[in-house]
2 protein chains.
Amino acid sequence: MPRPADQTGDTRTRIMEAASSHFAERGFDGARTQAIADEAGVNKAMLYYHFRDKEHLYIEILSNNLIEIFSQIFPTFLQQELPVRERLLRIAAAYHLFLSTHPQLRALILQELAVGGPRLGDVLEKVKGSVPGLDIEQVFMGIRSLMDSGELRQGDPRQVLLHLLSLTIFPFFARPLLETIWGLSPPEFEEVMKDRPAAVADLLDQGLFTRQEVR
Amino acid sequence: MPRPADQTGDTRTRIMEAASSHFAERGFDGARTQAIADEAGVNKAMLYYHFRDKEHLYIEILSNNLIEIFSQIFPTFLQQELPVRERLLRIAAAYHLFLSTHPQLRALILQELAVGGPRLGDVLEKVKGSVPGLDIEQVFMGIRSLMDSGELRQGDPRQVLLHLLSLTIFPFFARPLLETIWGLSPPEFEEVMKDRPAAVADLLDQGLFTRQEVR
DNA sequence: GTCTATACATTGATAGAC
DNA sequence: GTCTATCAATGTATAGAC
């Protein structure tokens with residue numbers, strides 16, 4: 001729904017908000033500069049004044065969105081006070097909450113992944129500049145030390161993190177496919193998503209199968 | 001690399017192959033009919049003779065790809081001879097293998113998900129017409145009966161299937177993001193993916209944590 | 001079935017007045 | 001900073017000869 005020209009905030013901000021929604025819905029190639037300008041309530045020439053061109057605008061948008069999610073979620077990775085189980089579940093919960101409340105971010109990332117992430121390098125530079133503590137090695141080291149202290153089962157820390165991200169993020173990405181193939185209405189899908197964190201916690205706790213014998 | 005006009009197969013087939021690769025790499029909006037025609041080694045007008053327009057061509061491509069994966073994977077869901085654990089692991093393995101060997105399919109699905117799947121309805125109609133046994137309810141009923149017989153832990157069958165799909169498919173989708181943020185080279189990522197099925201099996205078997213007590 | 005030629009709309013982008 | 005006016009390039013799609 002392109003709402004025409006509500007004059008809230010300064011021009012630059014309004015352009016970014018409009019661009020965000022268009023890039024999210026149609027991707028870089030599908031988004032139209034004209035439509036962005038219209039929705040922002042400014043002339044098309046303004047895009048090129050405030051940002052160099054479509055590409056720079058896009059990178060600015062994607063960076064800002066990633067900065068927002070990482071600066072909010074990354075601290076969760078590193079906090080040490082809680083028991084392991086709660087720490088991991090909080091990471092999952094943080095992603096779940098963020099993706100639930102930011103459908104635009106989900107679409108934006110999906111669009112970039114779909115074309116193979118050609119601009120992720122540039123984007124990550126900007127993100128690193130704004131989220132200082134972003135160091136994935138620390139996360140892996142943290143997981144490894146939990147394995148050594150016996151709180152987590154031994155294994156590749158990358159696989160553990162991948163488990164967590166997969167279980168949490170995939171349903172958001174695959175939603176249209178799941179709704180179509182599983183024949184779910186949006187409310188039905190929402191219901192599945194509501195139960196998701198508990199189901200994930202249960203899998204991490206117990207695995208999938210009934211237990212015949214114990215090691 | 002657009003290879004020019006190798007005259008293998010009939011025109012219609014060559015167009016579809018070229019279109020497949022372009023839609024996969026750039027999406028519906030990003031793909032150019034001219035580029036597709038060039039790569040297929042035919043005139044652009046041929047696209048409109050063999051297919052009605054760009055949209056019909058796209059739907060044809062996406063349907064064919066989904067038909068291929070479903071007709072190959074769906075039988076795996078329903079085979080009853082094997083123990084539960086092996087049945088589930090085979091489903092995961094089937095997806096893993098298929099996505100490993102069909103990078104184009106992965107991209108094609110991702111592109112459609114990115115725009116919210118506006119053509120999935122039409123596509124699924126075509127798929128259902130060509131893969132007769134495609135009935136998701138049977139799968140859920142199968143999972144539920146395994147719960148009732150005590151082989152699987154009780155829970156929502158949809159969450160179980162979602163676990164399986166998430167753990168298996170997500171890494172393929174998120175690859176560019178993971179490589180960039182985790183700082184992995186393609187060979188390093190491949191290595192992680194090689195170990196993936198075993199790591200997933202381990203999670204399903206044991207959960208994530210060390211076991212203090214047993215129920 | 002395949003091509004040439006072209007219609008017609010829309011695109012991203014800029015020059016220059018205010 | 002913001003606008004009007006405009007451009008060259010490129011987009012999808014079609015008409016009609018062969």
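We use all heavy atoms of the structure for the numbers below, so side chains are in, but hydrogens, waters and symmetry mates are not.
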request  = Give the rounded distance in Å between these two atoms: CG of Leu47(B) and C1' of dA15(D).
outcome  = 17 Å

inquiry  = Tell me the interatomic distance from Gln34(A), atom CD, to dG12(C), atom P, rounded to whole angstroms.
reply    = 9 Å

query = If you check every side-chain atom of Met46(B), which of dT4(C), dG1(C), dA13(D) has the closest atom?
reply = dG1(C)

request  = Could you please name the option among dA15(D), dA15(C), dG12(C) that lies closest to any side-chain atom of Thr33(A)?
outcome  = dG12(C)

Distance below 4.0 Å between Thr11(A) side-chain N/O and dT2(D) OP1 or OP2 = yes

key: Under 4.0 angstrom between Arg32(B) side-chain N/O and dT10(D) OP1 or OP2   = no

request  = Starting at atom CG of Asp38(A), determine the distance to atom P of dT4(D), rounded to an integer number of angstrom.
outcome  = 12 Å

query = Rounded to whole angstroms, how far apart are CZ on Arg26(A) and C1' on dT11(C)?
reply = 13 Å

key: Interatomic distance, Arg12(A) CZ vs dG1(D) P [rounded to whole Å]   = 10 Å

inquiry  = Whole angstroms only, please: what is the OH-C1' distance between Tyr49(A) and dT4(D)?
reply    = 17 Å

inquiry  = Without decimals, in angstroms, what is the distance between Tyr58(A) OH and dT11(C) P?
reply    = 19 Å

For residues 156-169 of chain B, please give each side-chain donor-acceptor pair under 3.5 Å, one per line with the distance, not counting sequence neighbours.
from: Asp156(B); atom 1: OD1; to: Arg158(B); atom 2: N; distance (Å): 2.8
from: Asp156(B); atom 1: OD1; to: Arg158(B); atom 2: NE; distance (Å): 3.3
from: Asp156(B); atom 1: OD2; to: Arg158(B); atom 2: NE; distance (Å): 3.3
from: Asp156(B); atom 1: OD2; to: Arg158(B); atom 2: NH2; distance (Å): 3.1
from: Gln159(B); atom 1: OE1; to: Arg196(A); atom 2: NH1; distance (Å): 2.8
from: Gln159(B); atom 1: NE2; to: Val192(A); atom 2: O; distance (Å): 2.9
from: His163(B); atom 1: ND1; to: Arg196(A); atom 2: NH1; distance (Å): 3.2
from: His163(B); atom 1: ND1; to: Arg196(A); atom 2: NH2; distance (Å): 3.2
from: His163(B); atom 1: ND1; to: Gln159(B); atom 2: O; distance (Å): 3.4
from: His163(B); atom 1: NE2; to: Ala199(A); atom 2: O; distance (Å): 3.4
from: Ser166(B); atom 1: OG; to: Leu162(B); atom 2: O; distance (Å): 2.6
from: Thr168(B); atom 1: OG1; to: Leu164(B); atom 2: O; distance (Å): 2.8

message = For a salt bridge (charged side-chain N to carboxylate O under 4.0 Å, His left out) check, start with the C-alpha distance between Arg144(A) and Glu137(A), then their side-chain angles and the critical distance, and finish with the verdict.
response = CA-CA 10 Å; Arg144(A) 192 169 285 118; Glu137(A) 279 310 319; 5.8 Å; no

request  = Report the distance from atom CD1 of Ile36(A) to atom C1' of dT10(C), rounded to the nearest whole Å.
outcome  = 15 Å

ask   = Strictly under 6.0 Å, is that where the ring centroids of Trp182(B) and Phe140(A) end up?
value = yes

request  = Tell me which nucleotide among dA15(C), dG12(C), dG1(C) gets nearest to the side chain of His50(B).
outcome  = dG1(C)

ask   = Do Asp38(B) and Gln34(B) have a side chain donor and acceptor closer than 3.5 Å?
value = yes

Under-4.0 Å side-chain N/O to phosphate OP1/OP2 contact, Tyr48(A) with dT14(C) = no

ask   = Of the nucleotides dT4(C), dA13(C), dA13(D), which has the atom closest to the Lys44(A) side chain?
value = dA13(C)

ask   = What's the verdict on salt bridge (charged side-chain N to carboxylate O under 4.0 Å, His left out) for Glu60(A) and Arg52(A), showing C-alpha distance, side-chain angles and the deciding distance?
value = CA-CA 11 Å; Glu60(A) 185 76 15; Arg52(A) 189 199 307 273; over 6 Å; no

query = Touch check for Ala31(A), heavy atoms < 4.0 angstrom, all strands: base, sugar-phosphate only, or nothing?
reply = sugar-phosphate

